[in-house]
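We number each residue from 1, following the sequence as shown. The basis for the numbers below is simple: all heavy atoms, side chains too, and nothing from hydrogens, waters or symmetry mates.
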Amino acid sequence: MKKNIKTKILLLTFISLSLFTFGQVGINTANPQGTFHVDGAKDNAASGIPTAAQQSNDFVIFSNGNTAIGTTSMSAAKLNIKGNMILGSAAFTNGARGYSVVVRDNVTGELKVMSTPTSAAPIGYMVYQLDNVNQDFVGDFNTNIDTTKYTLALIGSSFASNDGNNQLKMSLPTSGDFAPLNINSYKSGGTWHIFADFPSAGTNNASNGNWTVYCLVINNSITKDLGTITTDLGGSEIGSGVVPGL
């Protein structure tokens, strides 16, 4: 009799260990969707895939170690959360270097570190000092900054001639032409270029000059190309553009 009881205990122990080792564990659910599944509200159906509303309170760990919260779908990411995430108090970087910015992949929903092979900063500041240019003219300066990874925005500039006299003179002084500053960045051949000039003007004594150009280099991970909006004002000084696709 005792032998039979021992045999039954051993058999039940073996079955329990087998279920623990190879089975799925469900808490508040008899229909686990992964290796370990907690149905927070105990509202999942006994069979089939829970509805989106039912999944919203679920927590699932899959056989590969991936974890899902608010969903029962296993993704390629180690952690898949459907719903808002709240971060409580956190330390400020206070401008310290060595930190990256996290961005969201709008296609997969994955969170990624915004970076390129050369920089993890979202926005960089730099100055180009272009010395000994042809009078005041920079027709094409190649920055070699990749247009697919960065946007180059010019935020300021200054010009000085080498002869110490920074006044410009009109090339055609009797024509009444006006020579406003014309400086911009543009794309060419996959890189950003800079153009700078005072049209219809030149330096005194045709001396060469020096440009200082202040720039922001913006990581394209946080920018969106809104294209070109063309508006014909019909000779008027008043106009209104269409709302861009922000």
Side-chain angles (χ1 to χ4, degrees), residues 93-103 112-233 237 239 241-242 244-246:
T93 62
N94 291 326
R97 297 181 183 276
Y99 293 90
S100 298
V101 175
V102 177
V103 294
K112 299 181 179 181
V113 175
M114 184 188 65
S115 65
T116 65
T118 56
S119 175
I123 301 177
Y125 171 77
M126 66 181 303
V127 178
Y128 282 106
Q129 184 63 48
L130 309 180
D131 293 334
N132 204 31
V133 306
N134 181 13
Q135 296 196 53
D136 65 306
F137 184 53
V138 177
D140 183 359
F141 176 77
N142 187 357
T143 67
N144 288 304
I145 295 176
D146 192 336
T147 59
T148 64
K149 298 175 181 176
Y150 301 99
T151 295
L152 181 65
L154 308 189
I155 59 175
S157 65
S158 62
F159 175 78
S161 61
N162 285 341
D163 64 0
N165 185 346
N166 296 328
Q167 293 181 343
L168 298 173
K169 66 177 182 178
M170 303 298 295
S171 299
L172 301 171
T174 60
S175 68
D177 289 347
F178 178 61
L181 171 64
N182 184 358
I183 182 168
N184 60 79
S185 59
Y186 62 96
K187 299 177 181 180
S188 178
T191 59
W192 285 99
H193 294 239
I194 293 176
F195 175 93
D197 185 32
F198 288 94
S200 301
T203 57
N204 284 314
N205 304 317
S207 61
N208 290 340
N210 311 302
W211 279 97
T212 305
V213 184
Y214 306 91
C215 308
L216 292 180
V217 184
I218 307 171
N219 195 307
N220 284 345
S221 296
I222 61 171
T223 65
K224 179 181 180 180
D225 189 345
L226 301 177
T228 300
I229 297 177
T230 302
T231 305
D232 185 355
L233 299 188
E237 72 279 8
V242 298
L246 296 173

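Put simply, the side chain of Ile145 does not reach to within 4.5 Å of the side chain of Thr191, judged on heavy atoms.
When every heavy atom of Ser185 is checked against every heavy atom of Leu154, the shortest pair comes out as N-CD1, 3.7 Å.
Listed for the Asn142 side chain is a donor-acceptor partner under 3.5 Å among the backbone atoms of Asn144. Judged by distance alone, with hydrogens and angles left aside, the side-chain atoms of Thr231 form no donor-acceptor pair with the main-chain N or O of Gly241 at under 3.5 Å. Put simply, the side chain of Asn220 gets close to the backbone of Thr148: a donor and an acceptor are under 3.5 Å apart.
Partners of Leu181 according to the side chain to side chain contact (heavy atoms under 4.5 Å, CB included) rule, which considers only residues two or more places apart in sequence or in another chain, are Ser157, Ile183, Phe198, Trp211. By the salt bridge (charged side-chain N to carboxylate O under 4.0 Å, His left out) test, Lys187 is found to be paired with no residue, residues two or more places apart in sequence or in another chain being considered. Under the rule for a side chain to side chain donor-acceptor pair (under 3.5 Å), Glu237 has no partner lying at least two apart in sequence or in another chain. Here Asn134 pairs with Asn208 under the side chain to side chain contact (heavy atoms under 4.5 Å, CB included) rule; sequence neighbours left out. With sequence neighbours excluded, the residues satisfying side chain to side chain contact (heavy atoms under 4.5 Å, CB included) with Asp140 are Tyr186, His193. Listed by chain and number, the residues in a side chain to side chain contact (heavy atoms under 4.5 Å, CB included) with Ser207 are Ser161, Asp163, Thr203 (sequence neighbours excluded).
Distance CG/Asp136 to CZ/Phe159: 5.0 Å, rounded to 0.5 Å. If you take NZ on Lys224 and CD1 on Ile222, they are separated by 15.0 Å, rounding to the nearest 0.5 Å. To the nearest 0.5 angstrom, Asp146 atom CG is 11.0 Å from Trp192 atom CH2. Atom CG of Asn204 sits about 9.5 Å away from atom CD of Gln135, to the nearest 0.5 Å. Separating the CZ atom in Phe195 from the CG atom in Asn184 is a distance of 7.0 Å, to the nearest 0.5 Å. Here the straight-line distance linking atom CD1 of Ile123 with atom OG1 of Thr223 works out to 10.0 Å at 0.5 Å rounding.
In this structure, Tyr125 and Tyr214 have parallel ring planes: the angle between them is below the 30° cut-off, well short of the 60° mark.
When each of Ile194, Leu216, Ile218 is tested with Leu152 by the rule side-chain contact (heavy atoms from CB on, under 4.5 Å), just one qualifies, namely Ile194.
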